[in-house]
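To find a chain, count down the sequence lines: A is the first, B the second, and so on, and within it residues start at 1. Scope of the values below: all heavy atoms of this structure, side chains included, with no hydrogens, waters or symmetry mates. In this text the structure is predicted, and so the values were computed from the model without any measurement.
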Amino acid sequence: MSDARTEEIMIAAIARMLSGLSHVTVGISSPIPGSAALLARELSRGALRVSMLGRTSSPSFTDGGRELFDCAAQGRIDAFFLGGVQIDGQANINLVSIGDPDRPKARFPGSFGSAYLYMIVPRVILFRQEHSPRTLVPKVDYISAPGVSAPNIYRPGGPYALVTGRCVFYFIKENECFRLKSLHPGQSVADIRRETGFVFEIPETEAIPETEAPGAEWLKLIRGPVGDEIREIYPDFAARMFGGA
Amino acid sequence: MSDARTEEIMIAAIARMLSGLSHVTVGISSPIPGSAALLARELSRGALRVSMLGRTSSPSFTDGGRELFDCAAQGRIDAFFLGGVQIDGQANINLVSIGDPDRPKARFPGSFGSAYLYMIVPRVILFRQEHSPRTLVPKVDYISAPGVSAPNIYRPGGPYALVTGRCVFYFIKENECFRLKSLHPGQSVADIRRETGFVFEIPETEAIPETEAPGAEWLKLIRGPVGDEIREIYPDFAARMFGGA
Amino acid sequence: MTEILDSAQDIATQIPDGALLALPPEYAPCSMAGIRALVRRGARDLRLLSVPQFGFQAELLIGAGCVAEVESAGVTLGEQGLAPRFTDAIKKRKIIMRDSTCPAIHAALQASEKGIPFMPLRGLIGSDILARRDDWLIAGNPFGDNDPIVHLPAIRPDVSLIHAARADANGNVWIGVSREAMLMAHASAATYATVEEIVEFDLLLDPQTAPGTIPGLYITAIARAQKGAWPLGVPHLYERDHEHLALYAQMARSQDGFDAYTDQWVMQRTAAE
Amino acid sequence: MTEILDSAQDIATQIPDGALLALPPEYAPCSMAGIRALVRRGARDLRLLSVPQFGFQAELLIGAGCVAEVESAGVTLGEQGLAPRFTDAIKKRKIIMRDSTCPAIHAALQASEKGIPFMPLRGLIGSDILARRDDWLIAGNPFGDNDPIVHLPAIRPDVSLIHAARADANGNVWIGVSREAMLMAHASAATYATVEEIVEFDLLLDPQTAPGTIPGLYITAIARAQKGAWPLGVPHLYERDHEHLALYAQMARSQDGFDAYTDQWVMQRTAAE
C-alpha cells in the first residue's frame with residue numbers, strides 16, 4: 001500500500017486530469033493544484049506549460065495582474081483550479097460568507113477571479129480537502145461563481161471535476177450534477193453519502209474504483225522537484241508536507 | 001529685421017501658445033510643432049513636459065502606441081498639433097484624400113489619431129505651412145476629424161488656433177469659425193483674403209498686428225538645442241532648416 | 001513635475017481623509033511604510049480599492065479605524081490565513097464591503113485608463129457578486145444577438161499608493177513586471193510611491209530599465225523608504241517576513257492585541273522604518 | 001511550445017494567403033526580412049492591419065501584388081514622403097482600403113486581448129472615418145444620459161509579424177518599450193517574430209529583461225534574421241537607412257521601377273539578408 005498522504009492522492013488525481021493539455025494556470029492559495037500542475041508538467045516532459053501566480057522569481061506573465069484573465073479569455077488556458085468554502089450539487093461555489101452576506105456568521109477572503117474564470121476556462125477543477133456536510137452543501141449561501149448558466153450566456157468554461165479528501169466527482173453538464181468517479185483509499189460509497197450535503201449520481205452498473213494513489217516515482221517527483229518549486233510560494237504548506245526548507 | 005525663416009516664425013508663434021502648459025505631446029510628421037514644443041520647454045525652464053512620438057532614444061511612454069491616446073483621455077495632455085491636406089472654415093481637417101474618397105484624385109497617408117485627439121485634447125493647434133485656396137478650403141473633401149460637434153457629443157477638446165506660413169488664426173468656438181489674429185511679416189489682410197478659401201472673421205476695431213518674429217535668443221535656441229533634438233526624428237527637416245548633421 | 005518628499009509621512013499628509021485609495025496586491029511591492037504613516041496620521045474614512053486583492057495593507061488601516069469602505073476581490077493574509085481585523089469589521093458592520101472579482105477591478109481601471117465610461121466584461125452573470133452590485137449593468141452586446149454582457153463603470157481612484165525598488169530624480173518609477181502599478185498610475189488622479197532607492201540615472205533613458213518604468217508624468221510624488229514594503233516583500237530584494245506576519249495574525253485576533261501590535265510596530269516610527 | 005525556425009522564409013511559408021496580418025509601426029522594429037520572404041513566396045490576398053500605421057512593409061507587399069485589403073490609420077514613408085505603391089493601388093482600386101484611426105485600432109485589439117466582443121471609444125463621432133465604417137456602431141453609454149459613444153468590434157488578427165532585438169530558446173521575445181508588439185501577440189491567433197539574436201539565458205528569469213518580454217506562450221515561432229528590420233531601424237541597434245528608403249521612394253514611383261527595386265533588393269535573397 002502506498003504511503004501517500006491525502007494531499008498527495010489529491011495531487012495525483014488532479015495531475016491525471018491535466019494529461020495532454022498545453023497550458024494550465026494556478027491561482028493563489030492553491031498549493032495542492034499547484035503541486036498537481038507541476039507534477040503534470042514533469043510527467044509531460046515539458047509539453048505542459050504551467051503559469052503560477054505569485055511566483056515572482058520566474059514570472060509567467062509580464063502584463064500585470066490582468067494578463068491571467070485576458071489570457072484565459074483568449075482561449076490560451078486549458079485548465080484552472082477553484083476551491084470553495086462551500087460547494088453545492090450544481091457546482092456553485094462560495095468563497096465569501098456563511099449565512100446572510102450582510103450579517104455573515106463567517107466571512108472568508110472573497111471570490112478572487114472565480115466569477116470570471118469559472119465561466120471562461122474550459123476545464124475548471126474544483127478542490128476541497130475537507131469533505132463534509134459543512135463544505136459540500138445542498139445550496140451555497142453565496143454564489144461566488146455559478147456552476148451552470150442559461151443557454152444564451154457566453155460560457156466556454158465550467159466545472160470539470162471536484163477533488164476532495166475522500167473522493168473524485170466528475171461534473172455532468174447535461175444533468176447539472178456531480179457523479180462519483182473514484183473513492184480514495186479507505187472510503188466507501190456510504191461514507192461519501194454520509195459526508196456529502198448534496199445529491200450526486202452514482203453509476204449503478206459498475207463498482208466505484210479506488211482513486212489511484214501515486215506510485216513511488218510520482219511521490220519522488222512530488223516530494224522532490226515539485227516540492228522545491230512549490231516552497232517558494234507556499235513555504236508553510238511545503239514545510240508541513242515535505243519537511244523544513 | 002529678423003532673419004527668421006517662415007518655419008521659424010511658425011515655430012515661435014506655436015511656442016507662445018504653449019506658455020504656462022504642463023504637458024504637450026507631438027505626433028509623427030510634425031517637425032514644426034515638435035520644434036515649437038521643444039522651444040517652449042526651453043523657455044519654461046523645464047516646467048513644460050514634452051512627449052514626442054518616435055523619439056526612441058528617450059521614450060516618453062512605456063505602454064506602447066496606445067498610451068498617447070489613453071494619456072490624452074485621462075486629461076494629462078494639454079495641447080496637441082494637427083496638420084491637414086485641407087482645412088476648412090469650420091476647422092474640419094482632411095488628411096485622407098482629394099475628390100471622391102472612393103475614386104480619389106489624390107490620396108494622402110491617412111487620419112492617424114486626429115479623429116480622436118482633436119476631440120479629446122483641450123488645445124489643438126492646427127498647422128499648415130502652405131496657405132493657399134488649395135489647402136484652406138470652404139469645405140474639406142473628407143472629414144478626418146470634425147472642427148465642431150453637437151452639444152451632446154463628449155468633446156473636451158478642439159481647435160485652438162491655425163498657424164500657417166502667412167498668418168495666425170484663432171478658432172472662435174461660439175461662432176464656429178476662425179478669426180485672424182496676426183500677420184506674418186510681409187503679409188496683408190488682402191493677401192490673406194485672397195489666399196484663404198474659407199470665410200474668416202477680421203476684428204474690425206483694431207489693426208491686425210504682425211506675428212512676432214523670434215528674436216536672436218529664440219533663434220539661438222531653435223537652431224541650437226532644439227534643432228539638435230529634432231534631428232533625431234526628422235533628419236531631413238533638420239538638414240534643410242539647420243544644415244548638415 | 002514629480003515632487004521628491006522626505007519620507008512616507010509626507011506622502012500620508014497629502015492623502016486626504018475620504019480618498020478612494022487604490023492599493024496593489026501582495027505579489028507586487030506594497031508601500032507598508034505609507035500605510036503605517038497613514039495610521040500614524042490618523043487617516044479617516046478611506047475607501048480602499050484592492051488591485052485586485054490585498055491583505056496586510058487593508059488589515060492595518062481597518063484595524064486602526066481609518067477605513068469606511070472596501071472594494072476588493074479578496075482580502076487575505078495568504079499563508080497566514082484570514083485577515084482578522086477585516087473579518088471582524090465585516091461581522092460588526094464597521095465597514096461597507098463591496099465584493100468584486102479580480103478581472104472586474106482590472107477592467108474598471110482600464111476603462112479609466114482609456115477615458116471610457118465603462119468596460120464590457122465576460123463572466124460574472126449568475127454570481128451573487130453581480131447580483132449585489134447595483135452599480136454594474138447587464139446590457140446586450142450590440143454586435144451580438146441575445147448576448148447579454150456585464151458593463152462595468154470606470155473606476156478612477158483619487159490616489160494610488162505603491163512601493164517600488166527604485167525611482168529616479170525625474171519621478172520615473174521602476175516597477176519591473178508588477179504592471180498593475182502601471183495601470184493604477186494611469187487610472188488614478190494622483191499616484192504616490194515609496195521606493196527603496198533613488199538612482200542617479202534616468203530610468204527612461206536606459207533601454208533595459210525603460211520597459212519596466214512608470215514615467216514621472218503619472219507620479220505625483222515619491223519618497224525614499226528603505227525596506228518600505230516590510231513585512232511584505234519586494235521581488236528580488238527581500239522576502240516576505242512570514243514570521244512577523246504570523247506574529248501579526250496571532251496578535252490581531254482581538255482589537256486589544258491589534259492595538260498592542262500597532263503601538264509597538266506602527267506608532268513608534270523608529271521601530272519599523 | 002514555440003518553434004525555432006531556420007529563417008524568415010520558413011515563417012513566410014507558415015503565413016497563409018488571405019490571412020489577416022497585423023504589422024507594427026515603423027517606430028517599433030518591423031520584420032522586413034519576413035515581409036521580403038512573403039514577397040518571395042508570392043503571398044496573395046493578404047489583409048493587412050497596421051498597428052496603428054505603417055509604410056514600407058505595406059508598400060512592398062502592395063507593390064508585389066500580395067495584398068487584397070488594408071486597414072490602417074496611416075500609410076507613409078515618413079520623411080521619404082507618400083507611399084507610392086499604396087497611393088497607386090488606391091487610385092487604381094487594386095486594394096480595398098478601410099481607413100481607421102490609431103486609437104480605434106489599439107482599442108479593437110485590446111477588445112480581442114480581453115476576449116470582449118467590442119470596446120467603446122470616445123471621439124470619432126462626426127468624422128468620415130466613422131461615417132464610412134459600417135462595421136462600427138454608435139450606441140448610448142448605458143451609464144449616461146443622451147451620451148452616444150462609438151462601439152468598435154474586436155479585431156483578432158490571424159497572424160502578427162514582428163521583429164525584435166532578441167529572443168531566447170523558450171520563445172520569449174524581448175521587445176523593450178515597443179509594447180504594441182505585446183498587444184499584437186495577445187490579440188492574435190498566431191505571432192511570428194524574426195530576431196537579431198537568440199540568447200542563451202531565459203529572458204523571463206532576469207528581472208531586468210522580463211518587463212520588456214513577450215512570454216513564449218504567445219509566440220508561434222521565431223527565426224533569426226540579422227539586420228532583419230533593414231532598411232528600417234531597431235532602437236539602440238541600428239538606425240533607419242534614410243538613404244536606401246529615399247532610393248526606394250524614387251524607384252517605386254512607377255510599377256516598373258518598383259519591380260526593378262524588388263528584383264534587386266528582395267527577390268535575390270542574398271542581397272538583403
Side-chain angles (χ1 to χ4, degrees), chain A residues 27-29 31 53-57 59 61-70 72-73 92 94-97 101-120 140-157 233-237, chain C residues 24-28 51-53 55 72-80 82-83 86-88 90-91 93 97 99-107 109-110 121-132 141 144 146-149 176-183 233 235-236 240 242 246:
Chain A
I28 63 153
S29 305
L53 262 63
R55 187 174 53 182
T56 50
S57 73
F61 296 122
T62 56
D63 206 19
R66 69 174 176 237
E67 186 175 356
L68 162 65
F69 307 100
D70 292 352
N92 297 306
N94 172 12
L95 293 157
V96 168
S97 55
D102 288 322
R103 301 176 179 276
K105 276 184 268 182
R107 168 75 206 197
F108 298 92
S111 302
F112 297 97
S114 63
Y116 181 83
L117 292 170
Y118 204 25
M119 300 177 72
I120 302 297
V140 294
D141 292 352
Y142 181 103
I143 300 176
S144 285
V148 295
S149 299
N152 69 324
I153 302 299
Y154 177 86
R155 181 159 198 174
I233 313 179
Y234 304 104
D236 288 3
F237 173 81
Chain C
E26 293 192 359
Y27 49 78
V51 184
Q53 67 213 33
S72 181
V75 186
T76 165
L77 297 183
E79 283 221 310
Q80 283 72 43
L82 294 178
F86 163 74
T87 310
D88 185 70
I90 292 277
K91 284 195 185 169
R93 302 176 67 117
M97 181 67 196
D99 276 292
S100 187
T101 178
C102 305
I105 292 174
H106 292 302
L109 289 172
Q110 281 185 279
L121 190 71
R122 289 298 190 186
L124 284 63
I125 296 172
S127 72
D128 280 337
I129 300 171
L130 174 63
R132 293 167 59 83
N141 162 19
N146 186 21
D147 180 18
I149 183 167
V177 297
S178 298
R179 214 158 172 100
E180 37 282 311
M182 184 83 79
L183 174 59
H236 305 285
R240 188 181 169 91
H242 289 272

Measure across [X] and [Y] and return the closest heavy-atom pair with its distance rounded to 0.1 Å.
{"X": "C:D99", "Y": "A:Y142", "answer": "CB-OH, 3.8 Å"}
{"X": "A:G113", "Y": "C:P103", "answer": "CA-CD, 4.0 Å"}
{"X": "A:D236", "Y": "C:E79", "answer": "N-OE1, 2.6 Å"}

With rounding to the nearest 0.5 angstrom, report the [atom1] to [atom2] distance, [X] to [Y].
{"X": "A:I153", "Y": "C:N146", "atom1": "CD1", "atom2": "CG", "answer": "8.0 Å"}
{"X": "C:T101", "Y": "A:Y118", "atom1": "OG1", "atom2": "OH", "answer": "14.0 Å"}
{"X": "C:Q53", "Y": "A:S29", "atom1": "CD", "atom2": "OG", "answer": "8.0 Å"}
{"X": "A:S111", "Y": "C:D128", "atom1": "OG", "atom2": "CG", "answer": "9.0 Å"}
{"X": "A:R155", "Y": "C:I125", "atom1": "CZ", "atom2": "CD1", "answer": "11.0 Å"}

Do you know which of C:V51, C:L183, C:I90, C:T87 has the most heavy-atom pairs with chain A at a distance under 4.5 angstrom?
->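 Sorted descending by pairs with chain A, the first entry is C:I90.
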Hey, which of C:L77, C:L121, C:I105, C:D147 has the most heavy atom pairs under 4.5 Å with chain A?
->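 Going by pairs under 4.5 Å, I would pick C:L121.
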Region of A:P235 in contact with chain C, defined by heavy-atom distances below 4.5 Å =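 Its backbone and side chain both get close to chain C.
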Side chain proximity check, A:D102 to C:R132, heavy atoms < 4.5 angstrom =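 In contact.
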Under the salt bridge (charged side-chain N to carboxylate O under 4.0 Å, His left out) rule, collect the residues that match up with C:D88, sequence neighbours excluded.
->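 For C:D88 the salt bridge (charged side-chain N to carboxylate O under 4.0 Å, His left out) partners, ignoring immediate neighbours, are C:R85, C:K92, C:K94.
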Go through the structure and list residues passing salt bridge (charged side-chain N to carboxylate O under 4.0 Å, His left out) with A:D63, not counting sequence neighbours.
->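 In terms of salt bridge (charged side-chain N to carboxylate O under 4.0 Å, His left out), with neighbours along the sequence ignored, A:D63 is linked to A:R66, C:R179, D:R179.
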